[in-house]
Amino acid sequence: MRSVRLVPGSRGRERPARTSPAGGVPALPWLAGVAAAYAFAQLVLVVPGTGLGWDETVYVSQVAPRTPAAFFSAPRARGVTFLAAPVVALTSSTGVLRVWLAALSGCGLFVSLWVWRRLLPVPVLVAAGALFCGLWVTLFYGPQVMPNLWVAFGALCATGCFLRAVRDGGDRRARTGLLLAVAFTALMRPGDALALVLPLAGAALAVRAWRRPAVLVVLAAGVVLGGAEWVVEAYVRYGGLAARLHRAGEIQGGWGLRLALGHHVRALQGRTLCRPCDVPWRHPLTAAWWFALPVLTAGGLVVAARRRRLPEVAVPVSVAVCLAVPYQLLDYAAPRFLLPSYALLALPVALFMTAVATTVRPPARGAVRPLGATVLALALLVHVGVQYKVLEKVVSRSGDSRDAFARVVGELHRLGVRPPCIVSGTEAVRIAFRAGCASRQTSGHDGSITAAELVAVAGRHPVAVVVSAGRATPAYARGWHAEPLPPLPGEPAGLRVHLSVPPASGGVRHS
């Protein structure tokens, strides 16, 4: 398969040239191979035994036909629920859902790399895909019902389509791809879509040859199309767009002039959420690649400048920075937040590494540099080993959590808590979903019911209020029957549940 490089033409326009940036390497089998390996690695290393996380449970419950939906807070967007819906509508099996998303994420990786085949050599794209997929966070979130990885695919695809569209005004496929990629990103996370579009629009205005009104219209249309559902829901459920944005800021801890770099570094030890991020930094080796990333990116920019491919690298770097900045203004961190930036920075890093490992000679044939290739191979071997150990720990913790919740739900069923029912208090979302109940909170970010309303419901259906050891029992539940529950992760001292089960249910009665 031949690819096309765009070179300056007459009248300020650009025309396709016959030279191939791929160096004659066929794109389809190599990129498909990377995508298939990514999906297979998920099936082997992540899918077996992992249970739904807290955020995942919220998303899945929105489309699960057999379980009441959990409270959907203001910052969330429903895009990822649409990906899960086809499987959730047919089965409640978490394993089947994981397999579906693993396959889907493999396809997402392939598409997002495929659009770059006319911009960068195929070996660079293969290396970029392998580097990105080799991170524990990329593997772990591939089969998860979380939006950040899909934002990464959308951003990578949109950036590639943008470069093709601004360099060739006749590339209608690139404009269509740009529209769909931006809209997809906005559907997943509207805020990230804005961070994606701003640097692209800025590049289109800054480079005179790229000033194509159609491209700017497509960028704006993509944000509007993808973000329309979020905006409409703001007026339907949250009292307007301004109210939803204000509430979203409150839930996320507000925005301020603070730097969360240290939080992100510590989270790379295997913390899926670092909030509050006051954990000690016990394993610095897990963040070695993170500190090397800026240096390797700079190296990629230098190589791109020498090979006259600077736009193909500078634009994704600028987009990556813009996508990362908002997450440095929070007072907490999660490795998944920076997945879009990692996906884009994988391109310059891969370009630099392939340059170190090979000598390119006309016509674009590479000769291996033994010393450079050996050093890179050893460094990558250590890197992959560290990533695998962290992934193993995170997956094991997820499996332990799944088993712990199963024990808690089993105990609640034994005590007579069965649908229709309500669970409130500690870990109410995950416990309720697994028990087939509704989750309701009387206070906090997820407050969705008053204490009086909860007591009123308790007269008709079982209500279980889960309380952590050492915490005070809510006033409305102090006269209810109390029972101990098995411990959950993060609650080593155990839990207790206060139950109100109507006598007709045959379960536990009021004490």
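The chain is numbered in sequence order, starting from 1.
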- Message: As a test of understanding, state which of Val497, Val465, Leu499 forms a side chain to side chain contact (heavy atoms under 4.5 Å, CB included) with Trp480.
- Response: Val465

- Item | Exercise: identify the closest heavy-atom pair between Arg430 and Ser401 | NH1-OG, 3.6 Å

- Task: Report the C-alpha separation of Arg434 and Glu427 in whole Å, then their side-chain angles, then the decisive distance to 0.1 Å, and conclude whether the salt bridge (Lys or Arg N to Asp or Glu O under 4.0 Å) test is met.
- Result: CA-CA 11 Å; Arg434 287 159 176 77; Glu427 284 288 1; over 6 Å; no

- Task: Output, in order, the C-alpha distance, side-chain angles, deciding distance and verdict of side-chain contact (heavy atoms from CB on, under 4.5 Å) for His445 and Arg247.
- Result: CA-CA 9 Å; His445 296 320; Arg247 184 58 178 156; 3.9 Å; yes

- Task: May I ask you to decide whether Glu233 forms a salt bridge with Arg76, counting only side-chain N to carboxylate O separations under 4.0 Å?
- Result: no

- Message: By the definition side chain to side chain contact (heavy atoms under 4.5 Å, CB included), identify the one residue from Leu345, Leu198, Leu200 that meets it with Val319.
- Response: Leu200

- Note on the structure: On a heavy-atom basis, the closest approach of Ala165 and Ala174 is N-CB, 3.8 Å

- Task: I would like to know whether Val115 and Leu156 meet side-chain contact (heavy atoms from CB on, under 4.5 Å); could you show each step before the answer?
- Result: CA-CA 9 Å; Val115 301; Leu156 188 59; over 6 Å; no

- Can you find a pair of side-chain heavy atoms, one from Arg237 and one from Val232, that are under 4.5 Å apart? no

- Evaluate the side-chain proximity of Trp290 to Leu261: yes if any heavy-atom separation is below 4.5 Å, no if none is. yes

- Message: Working note: Arg496 + Thr473, criterion side-chain contact (heavy atoms from CB on, under 4.5 Å); need CA distance, chi angles, decisive distance, verdict.
- Response: CA-CA 10 Å; Arg496 67 183 184 277; Thr473 303; 3.0 Å; yes

- Message: Could you measure the distance from the CZ atom of Phe405 to the CD1 atom of Ile431? Nearest 0.5 Å is fine.
- Response: 5.5 Å

- Message: Checking the side chain of Thr286 only, and the main-chain atoms of His283 only, is there a donor and an acceptor separated by less than 3.5 Å?
- Response: yes

- Just one of Val137, Leu273, Val394 clears the side chain to side chain contact (heavy atoms under 4.5 Å, CB included) bar with Pro335, so which one? Val137

- Message: Side chains of Tyr476 and Ser424, heavy atoms from C-beta outward: is any pair under 4.5 Å?
- Response: yes

- Task: Verify the distance criterion only: is there a donor paired with an acceptor across the side chains of Thr426 and Glu491 at less than 3.5 Å?
- Result: no

- Item | Flag side-chain contact, heavy atom, 4.5 Å: Lys393 against Arg397 | yes

- Task: Using atom types as modelled and distance alone, determine if a side-chain donor or acceptor of Gln62 lies under 3.5 Å from a backbone N or O of Ala70.
- Result: yes

- Distance in Å, Arg440 CZ paired with Leu454 CG, rounded so as to fall on 0.5 Å steps: 10.0 Å

- Message: Can you tell me if Arg66 has over 12 outside heavy atoms packed within less than 6.0 Å of its CZ?
- Response: yes

- Between CD of Gln269 and SG of Cys274, what distance do you get to the nearest 0.5 Å? 8.0 Å

- Atom pair CD/CD of Glu56 and Gln144 - distance to nearest 0.5 Å: 3.5 Å

- Message: Test your reading of the model: is there a side-chain donor-acceptor pair from Ser468 to the backbone of Arg471, 3.5 Å cut-off?
- Response: no

- Would you say the side chain of Leu149 lies within less than 4.5 Å of the side chain of Met188, judging by non-hydrogen atoms? no

- Task: Hey, could you give me the OG1/CZ distance between Thr138 and Arg336, rounded to the nearest 0.5 Å?
- Result: 13.5 Å

- Message: I need the minimum non-hydrogen distance between Leu488 and Leu495, along with the two atoms involved.
- Response: CD1-CD1, 3.5 Å

- disulfide bond (SG atoms under 2.5 Å apart): which pairs involve residues 446-484, sequence neighbours left out? none

- Test item: Val88 and Pro65 side chains (from C-beta on) under 4.5 Å apart, heavy atoms: yes

- Message: With heavy-atom distances below 4.5 Å as the criterion, would you say the side chains of Thr50 and Arg402 are in contact?
- Response: no

- Query: side-chain contact (heavy atoms from CB on, under 4.5 Å) between Leu31 and Leu125: does it pass, once the steps are laid out?
  - Reply: CA-CA 8 Å; Leu31 297 183; Leu125 299 181; 3.9 Å; yes

- Query: Hey, does the side chain of Arg271 reach the backbone of Val279 with a donor-acceptor pair shorter than 3.5 angstrom?
  - Reply: no

- Pairs flagged by salt bridge (charged side-chain N to carboxylate O under 4.0 Å, His left out) wherever residues 446-456 is involved - sequence neighbours left out: none

- Heavy-atom nearest pair, Val429 first then Val58, reads CG1-CG2, 3.8 Å

- Residues, nucleotides or ligands: over 12 heavy atoms within 6.0 Å of Arg173 CZ: no

- Query: With distance as the sole test, does Arg266 use its side chain to make a donor-acceptor pair with the main-chain N or O of Trp281 at under 3.5 Å?
  - Reply: no

- Query: Any sub-3.5 Å donor-acceptor pair from Ser439's side-chain atoms to Ala432's backbone N or O?
  - Reply: no

- Message: Give me each pair satisfying ring pair (Phe, Tyr, Trp, His ring centres under 6.0 Å) with a member in residues 54-113, each pair once, sequence neighbours excluded.
- Response: Phe110-Trp114

- Shortest non-hydrogen contact between Phe153 and Ser112, atoms and distance: O-CB, 3.6 Å

- Check: Arg78 side chain, Leu187 main-chain N or O, donor-acceptor pair, under 3.5 Å: no

- Message: Check the orientation of Tyr332 and Phe337. Use parallel for under 30°, tilted for 30 to 60°, and perpendicular for over 60°.
- Response: perpendicular

- Reference residue Tyr342; test ring-ring contact (aromatic ring centres under 6.0 Å, His included); the match among Phe132, Trp136, Trp289: Trp289

- Close side-chain approach of Val467 and Pro474, heavy atoms under 4.5 Å: yes

- Tightest non-hydrogen contact, residues Ala320 and Ser341, listed as O-OG, 2.8 Å

- Task: Without swapping roles, check the side chain of Ser396 against the backbone of Glu392 for a donor-acceptor pair under 3.5 Å.
- Result: no

- From Leu415 CG over to His481 NE2, what is the distance, rounded to the nearest 0.5 angstrom? 7.0 Å

